[in-house]
Student: 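Would you mind keeping the following structure in view while I ask a few things?
Residue numbering restarts at 1 for every chain, and letters A, B, ... go by the order of the sequence lines.
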Protein chains: 2
Amino acid sequence: MDLNTVEKGGRNAPTLASIAEKVGVSVNTVSRALRAPNTVRPELRRRINSAMEELNYVPNRLAGGLSSTRSDIVAVVVTSLYYSEFASIVDSLQSALLERDMQVMLANTRYDADQEQRLVRSLLSWRPTAVAIIGVDHPPKVVELLKASGIPIIEMWDTGGEVIDTAVGFDHTAVGAAQADHLIAGGYRRLAFVGSVRENDKRAQKRLRGLEDGAALAGLPRIVTHTDQQGGSSELGERLAHELLEYHPEIDAIACNSDVVAFGVLRALKKLGKRVPEDIGVVGFGDNEAASCVSPALTTIRPNRETIGKLTAEAIFARINGVPPSITLVDWKLVVRESAIRKETR
Amino acid sequence: MDLNTVEKGGRNAPTLASIAEKVGVSVNTVSRALRAPNTVRPELRRRINSAMEELNYVPNRLAGGLSSTRSDIVAVVVTSLYYSEFASIVDSLQSALLERDMQVMLANTRYDADQEQRLVRSLLSWRPTAVAIIGVDHPPKVVELLKASGIPIIEMWDTGGEVIDTAVGFDHTAVGAAQADHLIAGGYRRLAFVGSVRENDKRAQKRLRGLEDGAALAGLPRIVTHTDQQGGSSELGERLAHELLEYHPEIDAIACNSDVVAFGVLRALKKLGKRVPEDIGVVGFGDNEAASCVSPALTTIRPNRETIGKLTAEAIFARINGVPPSITLVDWKLVVRESAIRKETR
DNA sequence: TTGAAAGCGTTACCAG
DNA sequence: CTGGTAACGCTTTCAA
């Protein structure tokens with residue numbers, strides 16, 4: 001409003017004491033008026049509130065947290081923020097947390113194990129109420145730090161492994177198997193796997209394993225895999241598909257590690273004069289918002305990201321209230337579109 | 001490691017005092033060993049470090065922040081996390097901040113003004129070192145809170161308006177004008193605008209205005225706009241395009257408020273038997289990772305999100321070090337692909 | 001219903 | 001180079 005207020009700000013923001021003094025009560029009473037309004041006489045409460053409003057009082061949660069040893073910060077660790085990969089998990093988690101006035105402190109490891117350790121340590125130093133982290137495969141030191149913190153740890157997205165405390169996600173091996181099954185049901189026999197599979201992307205590795213097992217179970221020849229450490233992109237998909245078909249022209253189906261990669265694969269196939277789905281079937285993973293917009297429309301797996309975020313928030317609340325650890329499986333589904341049904345097969 | 005450690009954790013984590021006691025020095029010395037290692041005898045420093053390692057010491061930054069009145073938290077406020085809209089800004093910002101060991105505290109307003117006020121207040125209570133927020137148009141109360149906080153405020157993404165302190169972004173009106181210019185140069189004359197334009201999405205409104213002005217400047221008839229409050233999606237784009245062409249069959253070019261909407265528009269046009277770019281030109285905004293994968297490949301505007309994130313971090317550092325406020329324009333570019341060049345025109 | 005006093009775990013300041 | 005001692009702003013007993 002007026003410039004004086006503005007200039008004063010920062011250096012010496014109003015404290016509970018300022019309010020207390022102004023109203024003529026003790027710090028204590030002001031504090032209670034904030035946290036337990038009905039333990040304070042209504043008239044007094046009103047005066048306190050208006051004093052706060054007038055001085056533009058903003059509580060200092062650093063002090064509050066230090067004093068109460070509860071911080072209401074939730075540390076969230078993701079491995080990527082690109083391509084909607086985890087953005088909507090964070091989104092729904094944050095929005096659910098909001099109802100309890102909890103804040104998200106975000107860190108992104110970019111699939112780097114050292115970074116993960118550094119970030120977790122750093123995050124822990126804020127004494128979060130809980131940490132929500134992507135995946136169940138972490139370097140030993142990270143696991144140790146997390147365990148030693150004594151707070152609820154929610155591992156999200158993947159449940160296929162040893163969980164530290166509580167997990168909300170799904171089985172990525174099953175996803176790979178579903179890709180295989182769908183391709184096989186679509187009439188394809190010589191499967192390949194293509195995409196970015198980073199050393200630390202254990203989920204991608206699990207999906208690949210599921211795909212391999214699915215093919216083996218059906219008595220198909222060993223699947224051809226062609227991957228790269230570099231991050232997924234349509235350019236990568238295009239390149240990998242070109243290379244793949246050069247060396248393995250017999251391939252008639254390609255499972256991709258992400259939709260974006262699949263988009264590039266589709267582009268490569270078009271350039272090579274291969275018809276999809278007639279000559280080659282393609283299936284993606286992730287259900288990118290554009291999956292239905294490419295042609296042919298991409299058949300893919302849709303993980304339930306919103307639900308994972310929401311259930312993670314609920315798991316945090318539950319754990320804080322003493323509910324024992326748990327593992328929650330969140331459903332996903334195969335979204336059948338056009339890219340993996342052999343027309344002749346119908 | 002061993003379960004006892006684990007169980008003990010949380011409740012009484014090791015403090016500087018624990019370390020001090022163990023090593024037989026004062027708390028003070030331990031603190032300095034951490035923050036200014038070379039003010040402590042090397043041998044002592046080593047003993048302190050190993051004691052910390054052994055006890056799995058994690059500093060309590062709530063206490064540190066309270067004491068030093070510097071928190072190293074950067075509050076980041078976005079209006080959306082979907083569709084890579086701002087995810088990569090957050091990504092690059094966070095990664096740049098990491099070098100100074102600063103943490104991102106994230107909030108998402110989802111284009112809701114009340115939410116924005118609530119979130120900003122809440123964020124401010126953590127006494128962040130700076131706040132980075134999307135846009136320059138905020139409710140008066142938010143502006144007041146932000147100003148009163150006395151910390152550096154970096155407004156990102158948009159620079160077209162009154163800035164509180166410092167801004168890093170671009171002029172959205174110019175983007176709209178560029179869309180118009182490109183369509184006009186492509187040989188189109190009856191322009192339309194389609195997409196999700198929320199009441200609080202001032203950037204979208206500015207782009208629309210730029211488009212209108214561009215068309216007017218070229219002496220074209222008033223452009224037809226067909227928008228919705230609902231969030232952008234390909235379904236929305238498809239529906240809006242259908243409706244648009246039903247009432248305005250004369251339209252020969254559509255500028256979209258986002259690529260995802262444009263994807264839906266392309267789908268609608270295909271269903272209607274309209275050829276793109278021959279019959280109708282389409283241009284998007286955002287350069288979604290799939291823009292080059294739809295057919296025809298989408299011509300769109302590519303904002304430089306990474307740069308915005310990086311420069312925002314730099315602006316924060318600069319402001320903290322007393323460098324005066326500034327407005328930094330970040331370039332963007334028109335990525336010409338196939339959807340907006342009339343073949344006959346060539 | 002209200003207040004006084006003792007922390008919470010650091011950092012800052014000043015001596016030694 | 002090291003150690004006391006006082007904040008930092010709030011919450012938590014415990015009394016009144």
Student: Donor-acceptor check, side chain of B:R45 to backbone of B:P37, threshold 3.5 angstrom: yes or no?
Tutor: yes
Student: Looking across every strand, which nucleic acid part, if any, lies under 4.0 Å from A:R127 by heavy atom: base, sugar-phosphate, or nothing?
Tutor: nothing
Student: Can a donor-acceptor pair be found between the side chains of B:N56 and A:E144 at a distance below 3.5 Å?
Tutor: yes
Student: Donor-acceptor check, side chain of A:T79 to backbone of A:Y111, threshold 3.5 angstrom: yes or no?
Tutor: no
Student: Mind calculating the distance between CG (B:N38) and C1' (D:dT2) to the nearest angstrom?
Tutor: 15 Å
Student: State whether B:R61 and B:D101 are salt-bridged, where the test is any N-O pair (Lys NZ or Arg NE/NH1/NH2 against Asp/Glu carboxylate O) under 4.0 Å.
Tutor: yes
Student: Testing the 3.5 Å rule here: is there a donor-acceptor pair between the side chains of A:T15 and A:S18?
Tutor: yes
Student: Taking only N and O in the side chain of B:T29, is any of them less than 4.0 Å away from OP1 or OP2 of D:dG3?
Tutor: yes
Student: Any side-chain N or O of A:Y57 under 4.0 Å from OP1/OP2 of D:dG9?
Tutor: no
Student: Reckon B:R32 touches a base, only the sugar-phosphate, or nothing at all at heavy-atom distances under 4.0 Å?
Tutor: base
Student: Rounded to the nearest angstrom, tell me the gap between atom CH2 in B:W126 and atom C1' in D:dG9.
Tutor: 13 Å
Student: Counting only side-chain nitrogens and oxygens, does B:R35 get under 4.0 Å of the OP1 or OP2 atom of C:dT10?
Tutor: no
Student: On DNA chain D, check which nucleotide each of B:L66 and B:V27 is closest to and give me the residue with the more 5' one.
Tutor: B:V27
Student: Kindly say if A:S26 contacts the phosphate of C:dG3, meaning a side-chain N or O under 4.0 Å from OP1 or OP2.
Tutor: yes
Student: Rounding to an integer number of Å, can you tell me how far A:L62 CG sits from C:dT10 P?
Tutor: 14 Å
Student: Ignoring the backbone of B:A63, work out which of C:dT10, D:dT12, D:dC10 is nearest its side chain.
Tutor: C:dT10
Student: Can you tell me the distance, in whole Å, between the CG atom of A:N60 and the P atom of D:dA7?
Tutor: 18 Å
Student: Taking the six-membered ring of B:F317 as reference, does the NZ or CZ atom of B:R100 fall below 6.0 Å from its centre and within a 45° cone about the axis?
Tutor: yes
Student: Taking DNA chain C as the partner, which of residues 16-23 of chain A come within under 4.0 angstrom of it by heavy atom?
Tutor: none
Student: Side-chain donor-acceptor pairs under 3.5 Å in residues 154-165 of chain B, sequence neighbours left out?
Tutor:
residue: B:E155; atom: OE1; partner: B:I164; partner atom: N; Å: 2.7
residue: B:E155; atom: OE2; partner: B:H138; partner atom: NE2; Å: 2.9
residue: B:D158; atom: OD1; partner: B:G160; partner atom: N; Å: 2.8
residue: B:D158; atom: OD2; partner: B:K206; partner atom: NZ; Å: 2.4
residue: B:T159; atom: OG1; partner: B:F170; partner atom: O; Å: 3.3
residue: B:D165; atom: OD1; partner: B:R319; partner atom: NE; Å: 3.2
residue: B:D165; atom: OD1; partner: B:R319; partner atom: NH2; Å: 2.8
residue: B:D165; atom: OD2; partner: B:I153; partner atom: N; Å: 2.9
residue: B:D165; atom: OD2; partner: B:R319; partner atom: NE; Å: 3.2

Student: Tell me yes or no: between the side chains of B:S26 and B:T29, is some donor less than 3.5 Å from an acceptor?
Tutor: yes
Student: At a heavy-atom distance below 4.0 Å, what parts of residues 39-49 of chain A sit against DNA chain C?
Tutor: A:T39, A:V40, A:R41, A:L44
Student: Has the side chain of B:S67 got a donor or acceptor atom sitting under 3.5 Å from an opposite partner on the base of C:dT10?
Tutor: yes
Student: We want to know whether B:S125 and B:S122 form a side-chain donor-acceptor pair, criterion being a heavy-atom distance below 3.5 angstrom.
Tutor: no
Student: At under 4.0 Å, does any side-chain N or O of B:R61 touch on OP1 or OP2 of C:dT10?
Tutor: no
